[in-house]
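Presented below is the structure to which this report refers.
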Protein chains: 2
Amino acid sequence: MARHTPQTHDEILAAAARRFAVTGYRGTSLQDIAREVGCSKATVLYHFAGKDALLAELLAQPLAVLRELDERLAPLGGAEARRVGAEGFVDLAVRFRREIALLRGEFPELLAQPTFAHVQAMSERLIAALTGHTGRLADRITALVLLAGISEACAEFADVAEDELRPALLAVARRALAPLDPVDND
Amino acid sequence: MARHTPQTHDEILAAAARRFAVTGYRGTSLQDIAREVGCSKATVLYHFAGKDALLAELLAQPLAVLRELDERLAPLGGAEARRVGAEGFVDLAVRFRREIALLRGEFPELLAQPTFAHVQAMSERLIAALTGHTGRLADRITALVLLAGISEACAEFADVAEDELRPALLAVARRALAPLDPVDND
DNA sequence: TCAGGGGCTGACCGATCGGTCAGGCATGCT
DNA sequence: AGCATGCCTGACCGATCGGTCAGCCCCTGA
């Protein structure tokens with residue numbers, strides 16, 4: 001039953017990603033992951049400090065990219081913040097749609113944990129950027145509809161090719177954000 | 001500790017709605033609900049057949065309205081289907097945003113249960129209606145962005161007044177759907 | 001040849017879950 | 001008074017969760 005190969009670490013990670021994407025983080029037990037890999041639950045916990053460590057490793061790369069977008073957005077304002085924010089987030093969501101899928105709906109609960117507190121702060125700044133920092137409620141509603149909608153669409157259409165998903169999402173974002181700042185062209 | 005009043009049923013229901021909205025359906029235990037009511041867990045299960053019965057009763061009304069929208073949508077096509085679908089769903093989401101909030105992200109898992117199989121079918125028909133039944137992938141992506149985004153926005157802005165939330169969401173929906181069928185006017 | 005260590009395991013732990021059950025305690029009808 | 005009924009409870013159940021631990025197997029290098 002045992003693989004006796006040092007790549008077990010990666011196999012566990014891949015299996016966890018698959019299971020999380022189907023049944024969610026909470027809905028997936030270490031037993032489930034172990035069964036999919038073909039090893040024991042203890043082996044999973046030998047390679048990873050805990051269930052949360054598994055999730056953290058799976059999310060490390062997309063979170064790093066999100067942080068980069070956050071920093072890129074910091075000095076921007078108005079129409080440019082909106083454009084860069086929208087394009088940056090669509091790109092992020094499309095690239096890491098499998099990782100987004102495995103968070104499916106557990107965003108609120110998981111982000112409430114102190115481990116991911118900075119993520120919540122970043123997403124709030126992203127929403128502010130998408131409004132062009134107007135602070136108007138209607139604009140914030142629009143921005144949230146886009147962020148949540150794009151995330152869910154990426155999770156749902158995980159099997160669709162990037163170059164088919166990305167332009168469609170960009171088009172929706174542009175349409176939804178279009179009238180926010182009429183000065184904007186391009 | 002006991003209330004000894006026949007309205008315990010309603011108190012449990014209200015407490016469950018409050019807890020579900022904060023920690024989600026899965027994240028809320030019968031103990032949590034009982035503690036909030038000030039009764040024992042056994043009392044909760046005396047008034048309700050099970051945890052799922054609690055959820056079913058909380059969702060009964062919004063699901064009935066969704067079914068009504070589904071029937072209203074059945075004979076429609078093209079631009080009219082899109083308009084009625086968008087307005088109907090925004091109205092539904094705004095009216096029952098507290099119920100939507102308590103599903104927060106658990107939609108996929110909960111709707112996967114056979115109990116809610118018809119809900120999934122209805123939401124697929126709703127997406128088809130929002131595309132004007134074109135069947136194009138880009139249109140289906142747009143529709144899903146809207147459905148998921150509006151749901152999440154309603155959950156997030158549960159405290160915003162209806163007459164502030166509804167027009168903002170309708171505006172986003174109209175903007176996002178606008179170019180789908182250029183023949184459409186109004 | 002044999003010691004050492006990395007990889008892996010079954011057995012086990014305490015906690016918590018949803019749910020069951022027999023019985024207590026008022027109240028109201030006969 | 002006696003009985004039935006509705007409401008509620010503590011104690012308990014089996015299942016499952018994430019996580020721990022002592023020890024086994026096998027490969028490697030001295």
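Throughout, protein chains are lettered first and strands after them, A, B, ... in sequence-line order, and every chain is numbered starting at 1. As the structure is a prediction and not an experimental result, all values here were calculated from the model. Only this structure's heavy atoms are used, side chains among them; waters, hydrogens and symmetry mates stay out.
- The side chain of A:Leu45 approaches D:dT20 more closely than any other nucleotide in the set C:dT9, D:dC8, D:dT20.
- Between the C1' atom of D:dC7 and the CD1 atom of B:Ile12 lies a distance of 11 Å, rounded to the nearest Å.
- Here CD1 of B:Ile12 is found 10.0 Å from CG of B:Leu30. Values are rounded to the nearest 0.5 Å.
- For B:His47 and D:dC8, the shortest distance from a side-chain N or O to OP1 or OP2 is below 4.0 Å.
- Across the protein-nucleic acid pair, B:Gln7 atom CD and D:dG6 atom P stand 19 Å apart, rounded to whole Å.
- When the P atom of D:dC7 is taken as reference, atom CG of B:Asp10 falls 12 Å away, rounded to whole Å.
- No side-chain donor-acceptor contact under 3.5 Å links A:Arg19 to the backbone of A:Ile33.
- Within the 4.0 Å cut-off from OP1 or OP2 of C:dC8, not a single side-chain nitrogen or oxygen of A:Tyr46 is found.
- In summary, B:Glu87 and B:Arg174 engage in a salt bridge, as defined by a charged side-chain N under 4.0 Å from a carboxylate O.
- For the pair A:Ser29 and D:dC17, the criterion of a side-chain N or O lying under 4.0 Å from OP1 or OP2 is met.
- The base of D:dG19 is not paired with the side chain of A:Lys51 by any donor and acceptor separated by under 3.5 Å.
- The nearest whole Å value for the distance from the NZ atom in B:Lys41 to the P atom in C:dT16 is 12 Å.
- Heavy-atom nearest nucleotides on DNA chain D were determined for A:Asp32 and for A:Ala42, and the one closer to the 5' end corresponds to A:Asp32.
- When the nucleotides D:dT9, D:dG19, C:dT9 are ranked by their closest atom to the side chain of A:Thr43, C:dT9 comes out on top.
- Rounded to whole Å, atom P of C:dG18 lies 11 Å from atom CZ of B:Arg26.
- The side chain of A:Leu30 approaches D:dG18 more closely than any other nucleotide in the set C:dC17, D:dG18, C:dG19.
- For A:Arg166, the salt bridge (Lys or Arg N to Asp or Glu O under 4.0 Å) criterion is met by A:Asp91, A:Glu162, not counting sequence neighbours.
- Looking at the side chain of A:Gln31, the nearest of the listed nucleotides C:dC8, C:dG19, D:dC17 is D:dC17.
- Minimum atom distance to the side chain of A:Ser40 is reached by C:dG10, of the listed D:dT9, C:dG10, D:dG19.
- With rounding to the nearest 0.5 Å, the separation of CZ in B:Arg125 from OG in B:Ser123 is 9.0 Å.
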